[in-house]
Structures are given as C-alpha cells and as structure tokens.
Amino acid sequence: MSALRSLRPVMPILIGAAVLLSLSMGLRQSLGLFMQSMTQDVSISIADFTLAIAIQNLVWGLAQPFAGAMATRYGFRPIMLAGSLLYLTALVVMATANGFWGLALGAGVFMGVAMACAASAIVMAVATRAVPPSVRSTILGMVSAAGSLGAVIAAPLGQTLLDAYGWRAGVWGFAILAIGLLPAAFAAGRVDKLALPAAKPNEVDSSTARTAIAAALRYPPFLVMTAAYFVCGMQLVFLTTHLPSYLEICGMDPMLGAQALGFIGAFNVLGSLFFGWAGGRWNKLALLGMIYALRSLVLIWYFIALPTPQTTLIFASIMGFLWLGVAPLVAGAVAEMFGLRWQAMVQGFAFFSHQIGSFVGAFGGGLLYSMLGNYTLAWQLGVAMGLSAGIVQIIFALLRPSRQGAPAAA
C-alpha cells in the first residue's frame, strides 16, 4: 500500500502514458474496418491494402530500436511529441488517399514511424522508469490495459461514420481522436525529469548502446523470447487486419467486425491486468509461451466452423483477454535482464521480430486470400507456428530461466 501511495507524484506520467497507448494502439487496430470500402472506392485490391498495413508494421519494427536509442539520448518527450504529430499526419494522408501510394505513405510509412515513437515499446519504457520494482509488473499491466480502451471507442465510431458517410469520414474521425495524442505525450514526457536508479552490481554493462545491444544478442533467454515474439505479431495483426473482411465474406453484419474489435479491446483490459499481476509472481517468459499456445487453440476452435455472431463475440472476448497481456511481460522481462537505461532500445530489437511477424500476418494473410479465395491456409499456418513457439518458449523458460542482470557484453 505504501508503494502505491508513492505513485502519486508520477500519476500524470502514468495517465499520459496510458492515454497515449490507448489512442495509438486503438486507432491503428481498427484500420481493418475500412478495407472493403476503401478497396472498392479507390480501385485497389485487398492485397494492396494489406501490403500497406504490412509496410506499417515493418517500418514500425525497423524504426523502434532507433526511437528507443533517441529517447535515451534526447529524452522521451520530444520523441513522443514528434510521433504524435506524425500519427495525425498519417491519418490525414490516408483520409485523402486516391490510390495505393497514398495509402502506403499514410497508413504505411508515416504511421509506422509514428508508432515507433509513440506506442507500446516507448510507452512501456516510460511506465517502467516511473515506478519502483515492487509494483512494476502490476503497473505495467494497468498501462497496457489502457492500451485497449482506444479500440472500444475507435472501432464503433469508425464503423458508424463509415456506414453513414463513407470510409473517408471514418478516417477523419480517427484523425480528430488522434489530436488527443499530443497532450498525452506532453504529460508522459515528464518522466525525463526522473533520475535513473543506480545500476546493480550484476546488471548488464549499459555504458553505451553498443554494449547493451551486444549483451542482448548474446543472451539465450532474450533470443528465444524475441523469436517467439514473431508469432505474437503475426497472430494479432492477422486478426485486426482480416477479421472484419472475413466476417463480411461469411455474410455477417458489417457492424459485427467493429463489435468484435471492441470486445477484443474490452477484454484486453482484464487480460492485461491479470498478466501484469501474474508477471510479478511467476516466470514471465513461461507466461508468454502460455499466451501464444492458448491463442492458437482458440484460433482452431473459431475458424474450424463458419462464424456466428455468438461465436465471434466469444472468440473476440477470449482473444482480447490474451491480447496485450504480452506487453507488461516483455517490458518487465527486458527491464529485469538489462536494466532501465537502454530498455526502450533493447526492447525495440525484440519488437522488430514482432513486427516482422506482423508484416507476415497482414500481407501474408492478404496474399493467401488473393491466391486461394479463402483464409483457411492462413489461419492453419498461424495455429501451427503459434503452438510451436508457445511450447518452445515454455520449455526454455522452465529449463533456463532468465535472471535479473544478464551477463555483460565482452
């Protein structure tokens, strides 16, 4: 209780971080709502739309380590404010796009760089630095839970505007919501005034970015976690990009896709809180493997038969519970392994693997659909890879648990 009382001075930082994560993730997660309407209106294919989303994820992953390093060097506030402005610009460019290149520039390149500067890795690093280790995992779960609330607002708003006025109005509505990123980034940027805790004797040598990167790339628990993170990105972005389209193809009400994304966001609140709490008590890496395996089993149950409104909302609820629970676990594990100074950068390297998976999930799903006319092979591959990654992660975590303070680079 005393630890929680000590959080009062940093509450503006945590609230700003939560709002920043909520808007940046919620708006981006809901872009799949516009796929069918936009592809018909501007004469591009579903593969083109998913390629733009895949570019976004790849650019996000490529830019993340650099954004983390720049935040350490110049401060979190300028990086997050720049990312927020670029996010708003990305939505304006997408709303005015008349072909593939406008979509690829707005929803792809611009939004990818913006997410690297103002989304999960940076936000979780801010929250990690603001709180003491005794409550860190729980607080990270709370901030991660807030990251799903944006989808609860954005998805129904986007679908309502789309039905009434068309997809461009929906994207403009997202742009108006994105203005809220700016004050949230400014508030979260107060973390720059906090001093870093003293390094522990067994903590990785983090005197330079190079030594921190070298230590991470030589540490097996980090490498296994990073490889499994690929599957996380692939599964999640496949769903956010293709689930609304899949439901429409199956003859479901278009609003069901928005409702499903909203349910994912709502139940993610519970999942993030639970896994944030659980990460403070049990092996974080084993919990990650459990999430990947459970997601895969739920995917089998849902896609093996034609969807109904009831099964879709149950599926969305379960997947939501297993959604962003990975964020507090990964952030907490990286902080334990390598300390706080270069956390955003080192976590960015793991996140790059996640985003390669996101690229595969978005573009690969669209490509397989364009080739085969259905999503069967896409979800089957996602299940097989998810089960494999989850089992390997659990076994490795139990046989060789990570310890606080990974060995320093030679």
Side-chain angles (χ1 to χ4, degrees), residues 7 10-25 60-61 63-84 113-133 135-147 181 184-197 199 203-204 206 209 212-213 215-216 222 225-226 229 272 276 279 284 324 326-355 404 406:
L7 297 179
V10 299
M11 285 305 296
I13 297 172
L14 297 176
I15 292 172
V19 173
L20 189 65
L21 186 62
S22 179
L23 289 174
S24 63
M25 295 297 290
W60 183 3
Q64 191 65 74
F66 297 100
M70 291 174 65
T72 301
R73 184 178 180 90
Y74 300 109
F76 284 94
R77 178 175 283 169
I79 300 303
M80 291 187 294
L81 284 173
S84 299
V113 177
M115 294 295 288
C117 297
S120 53
I122 292 291
V123 169
M124 298 306 280
V126 167
T128 302
R129 184 174 294 196
V131 299
V135 294
R136 181 176 293 155
S137 188
T138 300
I139 295 301
L140 289 177
M142 292 179 178
V143 174
S144 180
L181 292 167
F186 188 85
R190 293 178 61 176
V191 75
D192 293 331
K193 298 179 181 179
L194 301 180
L196 278 172
E203 198 166 274
V204 66
S206 59
I213 294 170
F222 175 79
M225 182 192 76
T226 299
Y229 214 14
S272 296
K284 293 179 177 65
L324 279 183
V326 299
L329 298 176
V330 171
V334 171
E336 289 177 358
M337 292 177 192
F338 305 106
L340 299 184
R341 184 179 180 190
W342 297 102
Q343 180 201 351
M345 182 191 68
V346 174
Q347 191 174 330
F349 277 90
F351 194 72
F352 178 53
S353 173
H354 180 282
Q355 292 309 96
Q404 188 162 345

Engineer: Between CE of Met124 and CZ of Phe351, what distance do you get to the nearest 0.5 Å?
Structural biologist: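 Separation between the atoms: 11.5 Å.
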
Engineer: Pairs of donor and acceptor atoms involving the side chains of residues 63-70, under 3.5 Å and at least two apart or interchain, shall be tabulated with distances.
Structural biologist:
| residue | atom | partner | partner atom | Å |
| --- | --- | --- | --- | --- |
| Gln64 | OE1 | Trp60 | NE1 | 3.1 |
| Gln64 | NE2 | Ala116 | O | 2.9 |

Engineer: Output all residues satisfying side-chain contact (heavy atoms from CB on, under 4.5 Å) with Ala114, sequence neighbours left out; order by chain, then residue number.
Structural biologist: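 Residues passing side-chain contact (heavy atoms from CB on, under 4.5 Å) with Ala114: Leu86, Tyr87.
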
Engineer: Output the distance between atom CG (Asp192) and atom CZ (Arg129), rounded to the nearest 0.5 Å.
Structural biologist: 7.5 Å

Engineer: Suppose we screen for side-chain contact (heavy atoms from CB on, under 4.5 Å). Which residues come up paired with Phe352, at least two apart in sequence or across chains?
Structural biologist: Leu58, Leu62, Ile356

Engineer: Taking ring pair (Phe, Tyr, Trp, His ring centres under 6.0 Å) as the definition, give me every residue that meets it alongside Phe76, ordered by chain and number, with sequence neighbours left out.
Structural biologist: none

Engineer: Minimum heavy-atom separation for Ala17 and Val123, please, with both atom names.
Structural biologist: O-CG1, 3.3 Å

Engineer: Can you tell if the side chain of Ile122 reaches within under 4.5 Å of the side chain of Cys117, non-hydrogen atoms only?
Structural biologist: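 A side-chain contact under 4.5 Å is absent here.
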
Engineer: With sequence neighbours left out, write down each residue that passes side-chain contact (heavy atoms from CB on, under 4.5 Å) with Arg190, or none if nothing qualifies.
Structural biologist: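 Residues passing side-chain contact (heavy atoms from CB on, under 4.5 Å) with Arg190: Pro12, Ile13, Arg77.
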
Engineer: Could you report the tightest heavy-atom contact between Gly16 and Ala188, atom names first, then the distance?
Structural biologist: C-CB, 3.9 Å

Engineer: Can you check whether Met225 reaches Lys284 side chain to side chain, under 4.5 Å on heavy atoms?
Structural biologist: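 Answer no - side chains too far apart.
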
Engineer: Taking all heavy atoms of Val326 and all of Tyr229, pick out the closest pair and write down the distance.
Structural biologist: CG2-CE1, 4.4 Å

Engineer: Applying side-chain hydrogen bond (donor to acceptor under 3.5 Å, both in side chains), name anything that partners Ser84, two or more places apart in sequence or on another chain.
Structural biologist: none

Engineer: Mind checking whether His354 and Thr226 have side chains closer than 4.5 Å, heavy atoms only?
Structural biologist: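 A side-chain contact is absent here, since even the closest heavy-atom pair is not under 4.5 Å.
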
Engineer: Which atoms form the tightest heavy-atom contact between Met80 and Ala118, and what is the distance?
Structural biologist: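 Taking every non-hydrogen atom into account, O-CB, 4.0 Å.
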
Engineer: The criterion is side-chain contact (heavy atoms from CB on, under 4.5 Å); which residues satisfy it with Val19, sequence neighbours excluded?
Structural biologist: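 Partners of Val19 by the side-chain contact (heavy atoms from CB on, under 4.5 Å) criterion, ordered by chain and then number, come out as Ile15, Leu23, Ala184.
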
